[in-house]
Number of protein chains: 2
Amino acid sequence: MIDRIDRRILSILQEDSTVPVAEIGRRVGLSTTPCWRRIQKLEEEGVIKRRVAILDARSVNVKVAAFISITTSQHNADWLAKFADVIREFPEVVEFYRMAGKVDYLLKVVVPDIEAYDAFYKRLISKIDISDVSTTFAMEEIKNTSQLPLNYVVTEKTREPAKE
Amino acid sequence: MIDRIDRRILSILQEDSTVPVAEIGRRVGLSTTPCWRRIQKLEEEGVIKRRVAILDARSVNVKVAAFISITTSQHNADWLAKFADVIREFPEVVEFYRMAGKVDYLLKVVVPDIEAYDAFYKRLISKIDISDVSTTFAMEEIKNTSQLPLNYVVTEKTREPAKE
DNA sequence: CGCGATTGAGAAAATTTTTCCCTTAAATTT
DNA sequence: AAATTTAAGGGAAAAATTTTCTCAATCGCG
């Protein structure tokens, strides 16, 4: 079970995973070893999934983000499995959800520009047969974070009321 | 300018930032020092924005993702600035875009369940006056990665044709 | 009360990052 | 084409950090 100290550790690592364990320990009031063990445990339990470098979209030339809403008449597991496999092949697709409601699937795609989007789109529909598609483009990215809110974490005995 | 080696380094770090510099060097055919210097440079230039821990949404009790489409009659910079500030306060909002087309803004929000979504929604509309809102829920997260495609990176002299 | 079980701490070992100094290769100037 | 600067790589050593090991304190509970 995650406790308050774990939560603070997670908060720090979500923000910046380069801070040394000793420093994390200092901030949460622990010495290096127990702090290190907690982090280790959080990794083993899968609470921490991975540690990654976050790149600047502009620098890697993907300045345009598009959201693609897909509605399909196909609703069986096989079709979805195939669809999912195809999608996973495209590195441009950074998010992919099955949705409730009118739209069946939602994709977030990143590409350099509109032309590249069009090229991507053609490749996509050539690979898989989808009936109804609609795309909207993001003009401005106001917020985009990998940090999940930690105020809903179930800690020892008490559910905390919302508060970061 | 980013070259092929840099791109391979970025690819490795995007996937797993815990691999030692010496090992990265080995994989890209460099010794530790020049590899380390390249990484340093990529950080200074802002190509690498940060290094973070990615948490498991389930483990931190945010099992539901919702997309909120907002249409407003307000279209001036002041209103947007205020709106953006309000939104940034909510840790539940992990993405926030200004869109082209019918919908003005798109938010991605993560919460534990539908009730929590409703509570969030009430807090949101109490803080800011928005006219037209529509929410759709993700039933299944099929793909969600922080890894940007690197096939569009402009490397020395030649633009690479699409190929991961 | 005592007895595991859990959690924390300090010191030391192992690994990794970072610095320093030197060599090579490429580019630029004359 | 020679000379000179500039950029990039490499090895070894220093510094910092992670990881292991051993031991002490604390807590829950029969």
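The chains referred to below are lettered A, B, ... by the order of the sequence lines, with proteins before strands, and numbering in each begins at 1.
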Review point. For the side chain of A:T33 and the base of D:dT19, is some donor closer than 3.5 Å to an acceptor across the two?
Key: no
Exercise for review: Ignoring backbone atoms, test whether B:W36 places a side-chain nitrogen or oxygen under 4.0 Å from the OP1 or OP2 oxygen of C:dT18.
Suggested key: yes
Practice item. Could you tell me the separation between the CD1 atom of A:I39 and the P atom of D:dT17, rounded to a whole number of Å? Key: 14 Å
Revision key, fill the gap. Shortest non-hydrogen pair, B:A57 vs A:L148, comes out as CA-CD1, 3.6 Å
Point to revise | Atom-to-atom span, CD of B:Q40 to C1' of C:dT18 - whole angstrom | key: 8 Å
Review point. D:dA7 C1' sits how many Å from B:R38 CZ, rounded?
Key: 11 Å
Exercise for review: Determine to 10° how strongly the helix from C:dC1-D:dG30 to C:dT30-D:dA1 is bent, judged from the axes of its five-pair ends.
Suggested key: 30°
Check your understanding: Tell me, which of residues 18-31 of chain A have any heavy atom that sits under 4.0 Å from an atom in DNA chain D?
Key -> A:P20, A:V21
Review point. Do NZ/NE/NH1/NH2 and the carboxylate oxygens of A:K122 and A:D118 come within less than 4.0 Å?
Key: yes
Point to revise | Whole-Å distance separating the CE atom of B:M1 from the P atom of D:dA7 | key: 15 Å
Check your understanding: Do A:R51 and A:E43 meet the salt-bridge criterion of a basic N to acidic O distance under 4.0 Å?
Key -> yes
Exercise for review: Please state whether the rings of B:F90 and B:F120 are parallel, tilted or perpendicular, taking 30° and 60° as the class boundaries.
Suggested key: perpendicular
Practice item. Send over the distance from B:K41 NZ to D:dG9 C1', rounded to a whole Å. Key: 14 Å
Check your understanding: Rounded to whole angstroms, how far apart are CZ on A:R51 and P on D:dT18?
Key -> 9 Å
Point to revise | A:V19 and A:I12, any side-chain heavy atoms less than 4.5 Å apart | key: yes
Practice item. Rounded to the nearest angstrom, tell me the gap between atom CD1 in A:I5 and atom C1' in C:dA9. Key: 14 Å
Review point. In terms of side-chain heavy atoms, does A:K63 have a donor or acceptor partner in B:Y152 at a distance below 3.5 Å?
Key: no
Review point. B:W79 vs B:Y105 aromatic rings, parallel, tilted or perpendicular, using cut-offs 30° and 60°?
Key: tilted
Practice item. Check every atom of C:dT17, C:dG8, D:dT18 against the side chain of A:R37 and return the nucleotide holding the closest atom. Key: C:dG8
Point to revise | Linked, directly or transitively: B:I114 and A:Y97 (ILVMFWY side chains, under 4.5 Å) | key: no
Practice item. Mind listing the closest non-hydrogen atom pair of B:I2 and A:S59 along with its distance? Key: CD1-O, 4.0 Å
